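Each remark here refers to the structure printed beneath this line.
Note that the structure is predicted; figures quoted are calculated from it, not measured.
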Amino acid sequence: IDRQLIDLWKAQYFSGKLLQGEGQSNYISTPKYQAVEERVVEYIQFRNRQYQRDKCGLSQEMLKMKARELATQLLDEEALKSFKASNGWIYSLLKRNNLIGVKLHGEAGEISNEEAQELMLQFRSKLALELEKHNIKDLGQVYNGDQTGLFYQKLPNHAYIHREERQTKRGSKSMRDKTRVTVMVCTSATGEKAPLAVVGYAKRPMCFRLCDKIPIKYCNQKSAWFDREVMMWWLIEVLSPYLRKRWGSKKCVLILDNCPAHQNLDESLLPQNIVLVFLPENLTARHQPADLGIIALLKRGYKSALLSRLLEVYDNDEAYERAVAMRTLARDGCRGISCACKPHLLDAMEILQAIWSCPKKCSREAIIHCWRKSECI
């Protein structure tokens, strides 16, 4: 493009005579294999319709394979020799037809926006009736809880290196570590945080011997996950005492999703100060406060704090040598960050508790924002 033309566009833009985006080329090339392209677009539309039923996505490699298959049906031998379903061809096809590729997350894709709005309207009406029935007038008595898996020993897999080292630099097993615990996160509509709870595999991890009292309530389960028994433990041993201390004899509403662990609980054992209300199915990703940023705040803070604590040891030669010396004396299961090793469960709990109790890392304002975004009250 001529330099004078660019200067003219800049002058027009800053003077307000040219809107942003104008002056750029909007040229879209004409497809060389139009019949193949039309059939590929039809197939994309077909897969979008079928997705509602089978939940099977469509990768770029699958799209290229389908394009080659269609080309063998539609093109003659001469044209077929020159046809290549390359990344560039797929990119141009998507651009010409105003299509984009996206990564799908969550569970809300099964329901249209109109259906979701109708279901949430019914949910809010049901919630209002429960609040009126139990004389709950303070939104601080409305809570939402949800559990999340945490790979607490997984180390960052990102590094900054010289370009020449790109082909030789390799990661480590710690970057793919799948050692997991489950963390229950619960907050109120006014931004208050209930105590965290952790579920792991071991009945009493060895590292717990390093302290008189663990910082977070702990329970074990064979899959380190929430089942009905663990859910009842959390309601009775963790949440109910906290609510009784905070609200006395007043009842509180707990909003839950439709996870099997939350369903069909023994009502005779449920704490009298907790009223369970369930969100509509398939709307968790859209309308549960915990999934709209609260859990992400905790996990982000954990990863950042974990890396910071590790680097305090690794970046200091004297500290590292002391840690290595401690490692030789420590028992199995008790070697953690202080020994220049991956965090043990006690390390993870201490970091989680520090992040959860920090008014800046998990602020009341951020939690309230997630509740507002959820539109569940």
Side-chain angles (χ1 to χ4, degrees), residues 123-124 126-148 182-199 213-219 226 230-257 259 261-262 265-279 287-298 301-302 349-377:
F123 170 79
R124 285 191 290 270
K126 178 182 176 182
L127 179 61
L129 289 174
E130 291 290 344
L131 296 178
E132 184 178 355
K133 176 181 176 181
H134 298 285
N135 195 30
I136 297 174
K137 298 178 180 179
D138 191 330
L139 287 179
Q141 293 169 254
V142 180
Y143 287 79
N144 169 238
D146 193 24
Q147 58 267 32
T148 181
T182 300
V183 184
M184 174 59 90
V185 178
C186 183
T187 62
S188 76
T190 55
E192 295 183 34
K193 294 171 280 191
L196 296 173
V198 171
V199 180
K213 182 180 179 182
I214 57 177
I216 297 175
K217 290 281 189 178
Y218 176 81
C219 178
F226 266 68
V230 175
M231 187 66 187
M232 288 300 299
W233 165 81
W234 177 70
L235 290 170
I236 296 170
E237 299 294 333
V238 182
L239 185 61
S240 182
Y242 162 76
L243 296 179
R244 196 173 295 113
K245 183 178 180 181
R246 174 69 181 84
W247 296 102
S249 60
K250 294 180 180 178
K251 291 195 174 186
C252 296
V253 166
L254 175 62
I255 299 173
L256 296 171
D257 61 20
C259 167
H262 303 163
L265 299 175
D266 189 343
E267 294 186 5
S268 64
L269 298 177
L270 282 175
Q272 296 298 308
N273 59 338
I274 299 175
V275 179
L276 301 182
V277 179
F278 295 95
L279 282 164
H287 295 288
Q288 178 160 243
D291 284 337
L292 293 177
I294 297 172
I295 288 174
L297 277 174
L298 179 63
Y302 176 83
M349 285 182 162
E350 289 173 350
I351 294 172
L352 286 169
Q353 182 60 24
I355 298 302
W356 193 238
S357 60
C358 178
K360 291 185 178 179
K361 299 287 186 181
C362 294
S363 68
R364 179 186 288 261
E365 292 76 16
I367 293 171
I368 292 173
H369 174 73
C370 295
W371 272 87
R372 287 174 178 164
K373 194 163 58 170
S374 74
E375 300 179 342
C376 64
I377 54 174

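- Remark: the backbone N or O of S188 is paired with a side-chain donor or acceptor of W371 at under 3.5 angstrom.
- For the pair I368 and A189, the tightest heavy-atom approach, listed with the atom from each and the gap, is CG1-O, 4.1 Å.
- Here I295 contributes atom CD1 and T148 contributes atom OG1; the two are 4.5 Å apart, rounded to the nearest 0.5 Å.
- No option in L235, L243, V277 other than L235 meets the side chain to side chain contact (heavy atoms under 4.5 Å, CB included) test with L254.
- Taking CG from D146 and CG from L256, the interatomic distance works out to 8.0 Å, rounded to the nearest 0.5 Å.
- In terms of heavy-atom proximity, M349 sits nearest to P215 at CB-CG, 3.7 Å.
- Put simply, the side chain of Y242 does not reach to within 4.5 Å of the side chain of C186, judged on heavy atoms.
- In this structure, the separation between CE on M184 and NZ on K217 is 15.0 Å, given to the nearest 0.5 Å.
- Residue N273 is tested with C252, S240, P241, S249 for a side chain to side chain contact (heavy atoms under 4.5 Å, CB included); the sole match is S240.
- Rounding to the nearest 0.5 angstrom, the gap separating the CG atom in L239 from the CZ atom in R244 is 10.0 Å.
- For the atom pair SG (C259) and CD (Q147), the distance works out to 5.0 Å, reported to the nearest 0.5 Å.
- Proximity of a side-chain donor or acceptor of H262 to a complementary backbone N or O of D257 within less than 3.5 Å is detected.
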Please list, one pair per line, the donor and acceptor atoms closer than 3.5 Å that link side chains of residues 131-142 to other protein atoms, with sequence neighbours excluded.
from: H134; atom 1: NE2; to: E130; atom 2: OE1; distance (Å): 3.4
from: D138; atom 1: OD1; to: G140; atom 2: N; distance (Å): 2.8
from: Q141; atom 1: NE2; to: K251; atom 2: O; distance (Å): 2.8

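- For R124, the CZ atom sits in a packed shell: over 12 heavy atoms of surrounding residues, nucleotides or ligands are nearer than 6.0 Å.
- Looking at every heavy atom in both residues, F123 comes nearest to I255 through CZ-CG2, 4.0 Å.
- Residue Y218 comes nearest to V199 through the heavy atom pair CE1-C, 4.3 Å, listed as atom of the first residue, atom of the second, then distance.
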From CA spacing to verdict: side-chain contact (heavy atoms from CB on, under 4.5 Å), V183, I216: CA-CA 10 Å; V183 184; I216 297 175; over 6 Å; no
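- Residues C219 and V230 come closest through the heavy atom pair SG-CG2, 4.3 Å.
- Rounded to the nearest 0.5 Å, atoms CH2 (W356) and OH (Y302) are 16.0 Å apart.
- Of all non-hydrogen atoms in P289 and N144, the two that sit nearest each other are CD-OD1, 3.5 Å.
- Proximity of L269 to M232: side-chain heavy atoms (C-beta onward) are separated by under 4.5 Å at one or more points.
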Result block: side-chain N/O donor-acceptor pairs under 3.5 angstrom for residues 358-366, not counting sequence neighbours:
from: S363; atom 1: OG; to: A366; atom 2: N; distance (Å): 3.1
from: R364; atom 1: NH1; to: T190; atom 2: O; distance (Å): 2.7

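- Residues L196 and V185 have side chains in contact (heavy-atom distance under 4.5 Å, counting atoms from C-beta outward).
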